[in-house]
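FYI, the numbering just counts along the sequence from 1. Side chains are part of it too, since the values below use all heavy atoms of this structure and drop only hydrogens, waters and symmetry mates.
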Amino acid sequence: MFKNPLTPWADPSSMVKIKRPDEIERMKAAGRVVETALIAMRDSIVPGITTTNDLEQVAVRALTSHGAGSPFLGYQPPKHPPYPAWTCISVNEEVVHGVPGRRVLREGDIVGCDVGASLNGYFADGAWTFPVGRVSPQAEKLLRVAEEALYLGISFAKAGNWTGDIGHAIEKFVRKNGFSVVKEMVGHGIGTSLHEEPQIPNFGRSGAGVQLKEGMTFCVEPMVNAGRRDIRALSDEWTIVTGDRSLSAHFEHTVAITKNGARILTQGE
């Protein structure tokens, strides 16, 4: 979601909620539901037939069959209408927060599916961008680079490192491959709320930001544009698109900092 500015006197590190091992296990349970929904959405895509609302309904069935709800539905940050769907589904030039509807997915499209799950008072959030049939070489490279950027960022999610280490690694890798990262929206802490501290930008300076500690839980989520990093919102006040209408890819995992490094909570073990 959008980066939420802090008051000038606020220290974000003082507001980070450290999770106990049992809380992380509860988040892992929610993360399994997120993964199940994303796999079901991927497997249901048929070029020329599947609509973004079809993907929404697949996710709804996956979530409800596991007793989970969606933290996205009705979510309302300041100066926004309530979000009207269970998932965010963003196609081609749509970066994030695409509202599911009647749009048919065509051969060569790429579609970003963003799913959150609330289960027994704990949250997990994940996203993946899928190819629709055969896609262009540029789209293939964009998907590969964005996915690799996600795991590269996660590799820096270790106790003693800093949020800036994650963002610096992501941006450097993305730029090296000729793409750009969105800077207006960032990853976020998560746990008993969908959005907590710390923020996890996809850019930054090594050794800057909030120092990572065992028990922190947050989402790493590179948003990578094929062209310029500029973005704008559509008239629905939710869907964010690239300013130059180039393709964009979004990948996200919820992670927990453990003594052995980052544990991915939205991926099978």
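The backbone N or O of N177 lies less than 3.5 Å from a partner atom in the side chain of K141, making a donor-acceptor pair. S118 places a side-chain N or O within donor-acceptor distance of the main-chain N or O of G69, the cut-off being under 3.5 Å. Judged by distance alone, the side chain of D165 and the main-chain N or O of G207 form a donor-acceptor pair under 3.5 Å. Listed for the E56 side chain is a donor-acceptor partner under 3.5 Å among the backbone atoms of W86. Under a 3.5 Å cut-off, the side chain of S193 and the backbone N or O of E196 do not form any donor-acceptor pair. Between the side chain of Q211 and the backbone N or O of G160 there is at least one donor-acceptor pair closer than 3.5 Å. Put simply, the side chain of T258 gets close to the backbone of N260: a donor and an acceptor are under 3.5 Å apart. Distance alone, capped at 3.5 Å, places no donor-acceptor pair between the W128 side chain and the V111 backbone.
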- prompt: Can you check side chain to side chain contact (heavy atoms under 4.5 Å, CB included) on F251 and E221, steps first, answer last?
  reply: CA-CA 5 Å; F251 288 81; E221 52 176 319; over 6 Å; no

message: Assess the residue pair R26 and L119 against the criterion (side chain to side chain contact (heavy atoms under 4.5 Å, CB included)); give the C-alpha distance rounded to whole Å, side-chain angles, the decisive distance to 0.1 Å, and a yes or no.
response: CA-CA 8 Å; R26 293 182 184 184; L119 183 68; over 6 Å; no

- request: Start with the C-alpha distance between Y75 and H80, add both sets of side-chain angles, then the distance that settles ring pair (Phe, Tyr, Trp, His ring centres under 6.0 Å), and finish with yes or no.
  value: CA-CA 9 Å; Y75 180 80; H80 278 72; 8.7 Å; no

- prompt: Could you walk me through whether S248 and N225 pass the side-chain hydrogen bond (donor to acceptor under 3.5 Å, both in side chains) check?
  reply: CA-CA 4 Å; S248 187; N225 295 348; 2.7 Å; yes

- prompt: Taking it one step at a time, do E107 and R134 satisfy side chain to side chain contact (heavy atoms under 4.5 Å, CB included)?
  reply: CA-CA 6 Å; E107 184 89 13; R134 296 184 63 182; 3.5 Å; yes

task: Decide yes or no on side chain to side chain contact (heavy atoms under 4.5 Å, CB included) for H253 and L150, but give the supporting numbers first.
output: CA-CA 8 Å; H253 272 313; L150 168 66; 3.6 Å; yes

query: Should E237 and K79 be marked as a salt bridge (charged side-chain N to carboxylate O under 4.0 Å, His left out) after you check the CA-CA gap, both sets of side-chain angles, and the distance that decides it?
result: CA-CA 9 Å; E237 300 183 59; K79 300 181 180 180; over 6 Å; no

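The CD atom of E214 sits 7.5 Å away from atom NZ of K259, with the distance rounded to the nearest 0.5 Å. Separation of atoms CD1 (I89) and OG1 (T129) is listed at 11.5 Å; rounding is to 0.5 Å. In this structure, the separation between CG on D244 and CZ on R228 is 7.5 Å, given to the nearest 0.5 Å. Of the inter-residue distances, the one linking E94 atom CD with D109 atom CG reads 10.0 Å to the nearest 0.5 angstrom. Rounding to the nearest 0.5 angstrom, the gap separating the CG atom in D125 from the OG1 atom in T266 is 8.0 Å. From L105, atom CG reaches atom CD1 of I110 across 11.5 Å, with rounding to the nearest 0.5 Å.
In this structure Y122 satisfies the ring-ring contact (aromatic ring centres under 6.0 Å, His included) test with no other residue, sequence neighbours excluded. For D22, the salt bridge (charged side-chain N to carboxylate O under 4.0 Å, His left out) partners are R20, not counting sequence neighbours. Legend: residues meeting ring-ring contact (aromatic ring centres under 6.0 Å, His included) with H250, ordered by chain and number and at least two apart, are absent. Residues forming a salt bridge (charged side-chain N to carboxylate O under 4.0 Å, His left out) with R32 (at least two apart in sequence, or on another chain): none.
A salt bridge is defined here as a Lys NZ or Arg NE, NH1 or NH2 lying under 4.0 Å from an Asp or Glu carboxylate O, and R263 with E25 meets this definition. Ion pairing of E197 with K17 is absent here, as no side-chain N (NZ or NE/NH1/NH2) approaches a carboxylate O to less than 4.0 Å.
Cluster partners of V104: none. The rule joins Ile, Leu, Val, Met, Phe, Trp and Tyr whenever side-chain heavy atoms lie under 4.5 Å apart, and it links nothing here. Clustering of Ile, Leu, Val, Met, Phe, Trp and Tyr side chains at separations under 4.5 Å places V241 together with L234.
In this structure, the side chains of E23 and M27 stay at 4.5 Å or more apart for every pair of heavy atoms. In this structure, the side chains of W238 and C88 stay at 4.5 Å or more apart for every pair of heavy atoms. Side chains of T239 and V99 form a contact here, defined as non-hydrogen atoms less than 4.5 Å apart. Contact check for F173 versus E148: side-chain heavy atoms found under the 4.5 Å cut-off. Taking 4.5 Å as the limit, some side-chain heavy atom of H66 sits within range of a side-chain heavy atom of T36. Contact check for H188 versus H195: side-chain heavy atoms found under the 4.5 Å cut-off. Counting only heavy atoms from C-beta outward, the side chains of I257 and K158 never approach each other to under 4.5 Å. A heavy-atom distance below 4.5 Å is found between the side chains of R229 and K183.
Among all heavy-atom pairs drawn from V115 and A37, the shortest one is CG1-CB, 4.1 Å. Heavy-atom minimum distance, L247 versus Q138: CD1-OE1, 4.1 Å. In terms of heavy-atom proximity, A149 sits nearest to V174 at CB-CG2, 3.9 Å. Considering all non-hydrogen atoms of both residues, A169 and L152 come closest at O-CD2, 3.5 Å. For the pair S90 and G98, the tightest heavy-atom approach, listed with the atom from each and the gap, is OG-N, 3.1 Å. Among all heavy-atom pairs drawn from N202 and M185, the shortest one is ND2-O, 4.1 Å.
I166 is not connected to W162 by any chain of hydrophobic side-chain contacts under 4.5 Å among Ile, Leu, Val, Met, Phe, Trp and Tyr, and they are in different clusters. Criterion: ILVMFWY side-chain heavy atoms under 4.5 Å apart, direct or through other members. Under it, V255 and I18 are part of a common hydrophobic cluster. V46 and F130 are assigned to two separate hydrophobic clusters, defined by single-linkage of ILVMFWY side chains at heavy-atom distances under 4.5 Å. Transitive grouping of hydrophobic side chains (ILVMFWY, heavy atoms separated by less than 4.5 Å) keeps I39 and L55 in distinct clusters.
Sparse packing is recorded around CZ of R175, with 12 or fewer heavy atoms of other residues, nucleotides or ligands lying under 6.0 Å away.
Shown are V220, I154, I200; of these, the side-chain contact (heavy atoms from CB on, under 4.5 Å) with I170 is made only by V220.
For the 3.5 Å distance criterion, the side chains of H97 and Y83 fail to qualify, holding no donor opposite an acceptor.
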